[in-house]
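These notes concern the structure reproduced below.
Below, each value reflects all heavy atoms present in this structure, side chains not excepted, and no hydrogens, waters or symmetry copies. Throughout, numbering of the chain's residues begins at 1 and tracks the sequence.
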Amino acid sequence: MSNQEKSALDRRGLTVKDLITMGVFGALLTVCSMIGGIFFAVTPTLTFYFSLGASLLPGPVFLLLLAKVPKRWALTIIGVIVSLLSLVMGMHWGMCVGGLVCSVLADLIAGVKNYRSIKMNIIAYIVYSFGPMGTYLVYFADPEGWAAAMLQNGTTQEYITAMNDAAAWWTLIVMIAGTILVAWFSGFVGSKLLKKQFEKAGITA
């Protein structure tokens with residue numbers, strides 16, 4: 001297939017096949033994130049590092065999704081669906097908003113090179129991985145408001161008290177730097193594992 005033919009296909013809107021693929025990969029991204037981050041989520045003293053654990057496994061899935069559906073708004077739509085599901089499951093609104101915003105930004109970043117650049121796609125994944133951090137940014141900005149919202153969602157006071165005791169100014173630095181490093185590593189490993197898939201899809205380094 002020529003580059004012109006590929007470009008013509010990419011300009012088409014999302015097809016039914018694309019939507020099915022997005023649904024499958026959206027579910028895989030969510031499952032991989034939960035598997036990697038569940039230990040941090042259930043441990044109040046480590047919960048601030050949830051985004052590190054959550055970004056460890058989904059990298060290859062994220063990159064393969066962009067290879068399968070290299071079209072504008074695919075990531076955004078997945079972000080909307082995952083954010084709504086998170087809200088329904090009782091997650092703090094900060095995590096839902098963070099996930100949505102980072103999905104849109106990741107979509108725009110990967111789209112700069114038409115989803116055909118491994119480097120840009122990995123950068124997009126790093127940005128995408130910051131989504132869960134939204135709830136913790138709200139925590140540091142308004143700990144009392146955050147605690148009130150989470151108590152209504154079913155979080156225990158003991159959990160919140162343990163979080164408060166573990167919170168420190170350097171926690172934010174570890175969260176940000178750690179998420180960047182872990183997400184980059186996950187994306188890098190994914191790029192090596194899926195090299196043949198990327199070559200087939202016309203994705204370059």
Exercise. So do the side chains of Leu56 and Ile35 get within less than 4.5 Å of each other, counting heavy atoms only?
Worked result: no
For this session: Give the intermediate values and the outcome of side-chain contact (heavy atoms from CB on, under 4.5 Å) for residues Thr45 and Asp165.
Result: CA-CA 8 Å; Thr45 56; Asp165 293 340; over 6 Å; no
Exercise. Which heavy atom in Val42 sits nearest to a heavy atom in Pro44, and how many Å separate them?
Worked result: O-CD, 3.5 Å
Listing, residues 81-89 side-chain donor-acceptor contacts under 3.5 Å, not counting sequence neighbours, or none:
{"residue": "Ser83", "atom": "OG", "partner": "Gly79", "partner atom": "O", "Å": "2.7"}
{"residue": "Ser83", "atom": "OG", "partner": "Cys96", "partner atom": "O", "Å": "2.9"}
{"residue": "Ser83", "atom": "OG", "partner": "Leu100", "partner atom": "N", "Å": "3.3"}
{"residue": "Ser86", "atom": "OG", "partner": "Val82", "partner atom": "O", "Å": "2.9"}

Problem set entry | Residues which pass side-chain hydrogen bond (donor to acceptor under 3.5 Å, both in side chains) with Thr43, listed by chain and number, not counting sequence neighbours | none
Problem set entry | Residue list, ring-ring contact (aromatic ring centres under 6.0 Å, His included) with Phe188, at least two apart or on another chain | Trp184
Problem set entry | Tyr136 and Thr47, any side-chain heavy atoms less than 4.5 Å apart | yes
For this session: Please identify each residue that fulfils side-chain hydrogen bond (donor to acceptor under 3.5 Å, both in side chains) with Thr179, with sequence neighbours left out.
Result: Ser51
For this session: Kindly write out the residues that satisfy side-chain hydrogen bond (donor to acceptor under 3.5 Å, both in side chains) with Tyr49, not counting sequence neighbours, or none if the list is empty.
Result: none
Problem set entry | Approximate separation, where rounding is to 0.5 Å, of Ser103 OG and Leu29 CG | 9.0 Å
Exercise. Any side-chain heavy atom of Leu19 within less than 4.5 Å of one from Val69?
Worked result: no
Problem set entry | Approximate separation, where rounding is to 0.5 Å, of Thr155 OG1 and Met163 CE | 9.0 Å
Exercise. Do Ser33 and Pro132 have side-chain heavy atoms sitting under 4.5 Å apart?
Worked result: no
Exercise. So do the side chains of Leu194 and Pro60 get within less than 4.5 Å of each other, counting heavy atoms only?
Worked result: yes
Exercise. Do any N or O atoms from the side chain of Lys113 and from the backbone of Met120 form a donor-acceptor pair under 3.5 angstrom?
Worked result: no
For this session: Would you give the length of the straight line joining atom CD1 of Ile176 to atom CE of Met133, rounded to the nearest 0.5 angstrom?
Result: 6.0 Å
For this session: Enumerate the residue pairs fulfilling ring-ring contact (aromatic ring centres under 6.0 Å, His included) with a member in residues 150-169, sequence neighbours excluded, ordered by first and then second residue.
Result: none
Problem set entry | Min side-chain heavy-atom separation Phe50-Met175 under 4.5 Å | no
Exercise. How many angstroms lie between atom OG of Ser186 and atom CD1 of Ile122, to the nearest 0.5 angstrom?
Worked result: 9.0 Å
For this session: Check side chain to side chain contact (heavy atoms under 4.5 Å, CB included) between Lys195 and all other residues, then give those that pass, not counting sequence neighbours.
Result: Glu199
For this session: Please identify each residue that fulfils ring-ring contact (aromatic ring centres under 6.0 Å, His included) with Phe62, with sequence neighbours left out.
Result: Tyr125, Tyr128
Exercise. Which residues pass the side-chain hydrogen bond (donor to acceptor under 3.5 Å, both in side chains) test with Tyr115, sequence neighbours left out?
Worked result: Asp107
For this session: Give a yes or no on whether Leu105 and Val138 share a hydrophobic cluster (residues Ile, Leu, Val, Met, Phe, Trp, Tyr; joining criterion: side-chain heavy atoms under 4.5 Å apart).
Result: yes
Exercise. Is a side-chain donor-acceptor pair under 3.5 Å present for Asp18 with Thr15?
Worked result: yes
For this session: Treating Ile, Leu, Val, Met, Phe, Trp and Tyr as nodes and any side-chain heavy-atom pair under 4.5 angstrom as an edge, say whether Val80 and Leu66 lie in one connected cluster.
Result: no
For this session: Answer yes or no: is there a side-chain heavy-atom contact under 4.5 Å between Leu108 and Val104?
Result: yes
Exercise. Say you draw a straight line from CD1 of Ile126 to CG of Asn121; how long is it, rounded to the nearest 0.5 Å?
Worked result: 11.5 Å
Could you pull out every donor-acceptor pair under 3.5 Å between side chains of residues 143-153 and any protein atom, sequence neighbours left out?
{"residue": "Trp146", "atom": "NE1", "partner": "Thr135", "partner atom": "O", "Å": "3.2"}
{"residue": "Trp146", "atom": "NE1", "partner": "Thr135", "partner atom": "OG1", "Å": "2.8"}
{"residue": "Asn153", "atom": "ND2", "partner": "Gly90", "partner atom": "O", "Å": "3.1"}

Exercise. Taking all non-hydrogen atoms of both residues, which atom of Pro58 and which atom of Cys32 are closest, and how far apart?
Worked result: CG-CB, 3.8 Å
Problem set entry | Residue pairs passing the ring-ring contact (aromatic ring centres under 6.0 Å, His included) test where at least one lies in residues 25-45, sequence neighbours excluded | none
Exercise. Can you check whether Ser191 reaches Leu63 side chain to side chain, under 4.5 Å on heavy atoms?
Worked result: yes
Problem set entry | For Leu181, side chain to side chain contact (heavy atoms under 4.5 Å, CB included) partners two or more places apart | none
For this session: Output the distance between atom CG (Leu28) and atom CG (Leu64), rounded to the nearest 0.5 Å.
Result: 9.5 Å
Exercise. Any chance CZ of Phe185 has more than 12 other-residue heavy atoms, nucleotides or ligands included, within less than 6.0 Å?
Worked result: no
Seminar exercise, completed: Tested for side-chain contact (heavy atoms from CB on, under 4.5 Å) against Tyr139, the lone hit among Asn164, Ile160, Thr171 is Asn164
Exercise. Are Ile78 and Val97 joined in one hydrophobic group, where the rule is that I, L, V, M, F, W and Y side chains link up if heavy atoms are under 4.5 Å apart?
Worked result: yes
